[in-house]
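All chains are named by letter (A, B, ...) in the order of the sequence lines, taking the proteins before the strands, and each is independently numbered beginning at 1.
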Amino acid sequence: MYIVEIFRAEANRLLREVGIEGEVTEAKEEFGDFAYPCFPLAEEMKMNPVEIARKMVEKMPESKFFSEIKNTGPYINFVISPERLAKLVLEYTLSGKIFQFEKKEKIVLEHTSANPTGPLHVGRARNPVIGDAMARILRRYGHDVVVHYFVNDAGMQVATLLWGIKNLPYEKIEGKCDHVLVKYYQKASKLVEEDENIGKKIRNLMKSYEMGDEEIRKFAREKVGCILKGIKESLEKIDVHIDKFVWESDLVPLAREIAGRFRDMVDEEDGAYYIDLKKLGVEGKDRIYLYRRDGTTLYFLRDVAYHIKKSEEAQYLIDVLGEDHKLHFRILQNILKILNEHLRVRALFYSFVRLPEGKMSTRHGRVVYLDDLLEEGINKAQEILKNRGYPENEVKEIGKSVAISAIRYSILNIQEEKPVVFQWQNALNFEGESGPFIMYSYTRASSILRKGNWNGEYYPEFVKHPQEIKLIKMMARYQDVIQEASKNLSPYIVARYTYNMANQFNQFYRDCPVIKSEGRLRETRLAIVVAFKKMMDDLMDLLGLKKSEKM
RNA sequence: GGACGCGUGGCCUAGCAUGGAUAGGGCACCAGCCUUCUAAGCUGGGAAUCCCGGGUUCAAAUCCCGGCGCGUCCGCCA
């Protein structure tokens, strides 16, 4: 049982003890830890709720779990015993037991899967950051997670890119492949809009690639591979790790085979094949096409194939997707249910990061690239460090950490489905609710421990200061937070929690001197700092924030 | 036009699933705090029709109905 649950269950037991069948809710901090509002009882008991609360408190037996049970107006309030809580939290955290969850099932989590036609841009940067944190959180929660990236090399976009590289004049541009080759994609996209002949040529190229033309395949693999390498490098720079890249073009044979499995649901028109969605009971669109008239497969069919492929690895699949994929995903779920009823497929949707002047678009060149954002962040952080007189190597190292943490946190600290308008000052915020703020509290803890020399002992009965108690209460919620984030597929829950924890520690730092304290109090406070640091270590890993002993 | 999501101080954001106690934070702004564990911190201050209108309820930011605004989708693109 989770720590908070132990106390909650006891509070509920006490309620039943006095004949109340309801359950406690979380109280506002100033009133205690749990609360039971007596309004609903007022009618059946024909009494004033304040009076009821008072009477219930009188009747209620004592409990070692609570230092106080009182009524504040019409509420029954339970105050957790600090000593008892501190004992559990310190024991669980220092031993590492709090970080251990029971083993759960295997998951294939797919994220990013950006078209390999150019560099990652900030409009889509929520995807890797959210996906990566989600994977880490699910692993902590006990899942065995494999992270996939679906390389969309089989469709029109990549064909457009390849045509561009083949046919447009060569320009010598220095830099990473993704940044260089995207120019061809942008130009080719523009030409398609002007000249439909080019569109025809691109479709032919796409068909040859899909039908297995060796020369084109070799060319495509080389060019797409090079862009993908650039994307991978960008991801690694912000500590996002992908376990497995699956190339869409490799799945075409499987896609064709799967299409055969639901042949009786498929209709044909002009040589193109589709499923009538009304028959499937899906609203929002009439048909979903599987094959083009020219016999090539469409993304939807290949994506079905990909999910079937993933189901060989796990029966629980999670896709981190932009909101533009909502309908696609709903249809996908319906089809997959027919093909494999045991397969569970969930999506974590996020809204786009827009620019003040509109949606970001690689094709139109209206973008802020992730690489540029990171570079800008590193410059800003290093500037600050230089001004503070840090030595060269530390300026470099800490500057990078600060920038990565700031960027990752600014993305994670917003509820996934909220739309975001990109602003440099928000993305690279180093103060307040930010990555560096969290890093800083960790650094402060390190700083105390460097000088503290904890002897390994602690005394829960010495935990008395309100700020010590607040910090410990925050720590007690860890297990619930991890569970909630895992169940709701929402890393931002962990992000908020981590900020709140750092915030509590900063106040503890102000109110509760550690090194200057003496005897058992000193050892106990050192134990709290050790436990805090351990927990922050874990939380920051989950979010992908960097840790630094000095900053 | 239909479906889905979002709408909270100047700006950003929490709370909404499971309705309850003066709607939490942050940025920016103003005023303070470094001979004391690193001030990327802390304290205080001003600033909010919780999009609008109805309804349910002892009680609505939260639930229901109807609007409005923004975003996304409704392609033989992905």
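Residue A:I515 is classed as a base contact, given a heavy-atom separation below 4.0 Å to a base. Here A:C38 lies out of heavy-atom contact (under 4.0 Å) with every strand. In this structure, A:E23 reaches neither bases nor backbone, as no heavy-atom distance under 4.0 Å exists between it and the strands shown. Using a 4.0 Å heavy-atom cutoff across all strands shown, A:L277 reaches no nucleic acid atom at all. Looking at heavy-atom distances under 4.0 Å, A:R293 makes contact with a base. In this structure, A:P419 reaches the sugar-phosphate backbone alone: every heavy-atom distance under 4.0 Å involves primed, P, OP1 or OP2 atoms, never a base. Residue contacts shown for A:P49 are absent, as no nucleic acid heavy atom lies under 4.0 Å away. Counting any heavy atom pair closer than 4.0 Å across all strands shown, A:R287 reaches no nucleic acid atom. Residue contacts shown for A:K516 include a base, since a base heavy atom lies under 4.0 Å away. A:F437 comes within 4.0 angstrom of the backbone, heavy atoms only, and of no base. Among the protein residues, A:T443 comes within range of the nucleic acid bases, having at least one heavy atom under 4.0 Å from a base atom. Within 4.0 Å (heavy atoms only), A:M551 reaches at least one base atom of the nucleic acid. Contacts of A:V421 with the nucleic acid, taken as non-hydrogen atoms under 4.0 Å apart, are absent.
For the C1' atoms, the distance linking B:C30 with B:A14 amounts to 25 Å, nearest Å. On the C1' atoms, B:C11 is 13 Å away from B:A48, given to the nearest whole Å. Annotation: B:A78 and B:U72 have their C1' atoms spaced 15 Å apart (nearest Å). Taking the P atom of each, B:C64 and B:G71 are spaced 25 Å apart, rounded to whole Å. Only the C1' atoms considered, B:G15 is 9 Å distant from B:U62, to the nearest whole Å. As rounded to the nearest Å, B:G10 and B:C68 have C1' atoms that lie 23 Å from one another. The gap from the C1' atom of B:G44 to that of B:G53 amounts to 40 Å, rounded to the nearest Å. Using atom P as the reference point in both B:C70 and B:A60, the two lie 30 Å apart (nearest Å).
Atom OH in A:Y497 sits about 16 Å away from atom P in B:G15, given to the nearest Å. Atom CD in A:E283 sits about 15 Å away from atom C1' in B:G1, given to the nearest Å. Rounding to whole angstrom units, CD1 of residue A:I438 and P of B:G41 are separated by 11 Å. Spacing between atom CD of A:E29 and atom C1' of B:G15 amounts to 15 Å, rounded to whole angstrom units. Note: OH (A:Y306) to C1' (B:A78) measures 15 Å, nearest angstrom. At whole-Å resolution of the value, CD in A:E110 and C1' in B:A78 are 12 Å apart.
Base orientation of B:C65: anti (glycosidic angle beyond 90° from 0).
Nearest to the side chain of A:E43, among B:C74, B:U43, B:C58, sits B:C58. Closest contact between the side chain of A:E323 and the listed nucleotides B:U43, B:U72, B:G41 involves B:U72. Proximity note for A:R354 (side chain, C-beta onward) versus B:C77, B:C37, B:G71: the nearest is B:G71. Listed nucleotides: B:A78, B:C37, B:U36. Nearest to the side chain of A:L298: B:A78. Side-chain proximity of A:D324 to the nucleotides B:U72, B:A14, B:C77 is greatest for B:U72.
Cation-pi geometry between A:R444 and A:Y509 is satisfied (NZ or CZ under 6.0 Å from the ring centre, within 45° of the ring normal). By the 6.0 Å and 45° rule, A:K326 stacks over the aromatic ring of A:F349.
Within the 4.0 Å cut-off from OP1 or OP2 of B:A40, not a single side-chain nitrogen or oxygen of A:Y409 is found. Phosphate proximity of B:A78 to A:R292: present, with a side-chain N or O under 4.0 Å from OP1 or OP2. Applying the 4.0 Å criterion to OP1 and OP2 of B:G5, one finds that A:Y350 has every side-chain N and O outside that range. When the side-chain nitrogen and oxygen atoms of A:R302 are compared with OP1 and OP2 of B:A78, one or more of them lie within a distance under 4.0 Å. Dashed line: the shortest gap from a side-chain N or O of A:K451 to OP1 or OP2 of B:U36 is not under 4.0 Å. OP1 or OP2 of B:A40 sits under 4.0 Å from a side-chain N or O of A:Y440. The phosphate of B:G7 has OP1 or OP2 within less than 4.0 Å of a side-chain N or O from A:K418. Distances shown here put every side-chain N or O of A:Q423 at or beyond 4.0 Å from the OP1 or OP2 atom of B:C11.
In this entry B:C73 has B:G2 as its Watson-Crick or G-U wobble partner, both defining distances falling under 3.5 Å.
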Polar atom pairs (N or O), protein with nucleotides 21-27 of chain B, under 3.5 Å:
| from | atom 1 | to | atom 2 | distance (Å) |
| --- | --- | --- | --- | --- |
| B:A21 | O4' | A:Y75 | OH | 3.3 |
| B:A21 | N6 | A:N77 | ND2 | 3.0 |
| B:A21 | N1 | A:N77 | OD1 | 3.3 |
| B:A21 | N1 | A:N77 | ND2 | 3.4 |
| B:U22 | O4 | A:E30 | OE1 | 2.0 |
| B:U22 | O4 | A:E30 | OE2 | 2.7 |
| B:G25 | O2' | A:E433 | OE2 | 2.9 |
| B:G25 | O2' | A:Y499 | OH | 3.4 |
| B:G25 | N3 | A:E433 | OE2 | 3.4 |
| B:G26 | O4' | A:E433 | OE2 | 3.4 |
| B:G26 | O2' | A:E433 | N | 3.3 |

Next on the checklist: For a ring pair (Phe, Tyr, Trp, His ring centres under 6.0 Å) check, start with the C-alpha distance between A:F437 and A:Y440, then their side-chain angles and the critical distance, and finish with the verdict.
Outcome noted: CA-CA 5 Å; A:F437 175 98; A:Y440 189 64; 8.1 Å; no
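A:H307 and A:D319 share a donor-acceptor pair across their side chains, judged by distance under 3.5 Å alone. Looking at A:Y492 and A:E416, their side chains never bring a donor and an acceptor atom within 3.5 Å of each other.
Not a single donor-acceptor contact under 3.5 angstrom links the side-chain atoms of A:E417 to the base of B:C6.
Contacts between residues 190-207 of chain A and RNA chain B, defined by a heavy-atom separation under 4.0 Å, are absent.
A ring pair (Phe, Tyr, Trp, His ring centres under 6.0 Å) check over residues 22-53 of chain A, counting only residues at least two apart or in different chains, returns the pairs A:F39-A:Y75.
Here A:E51 pairs with A:R54 in a salt bridge; the nearest charged N to carboxylate O distance falls below 4.0 Å.
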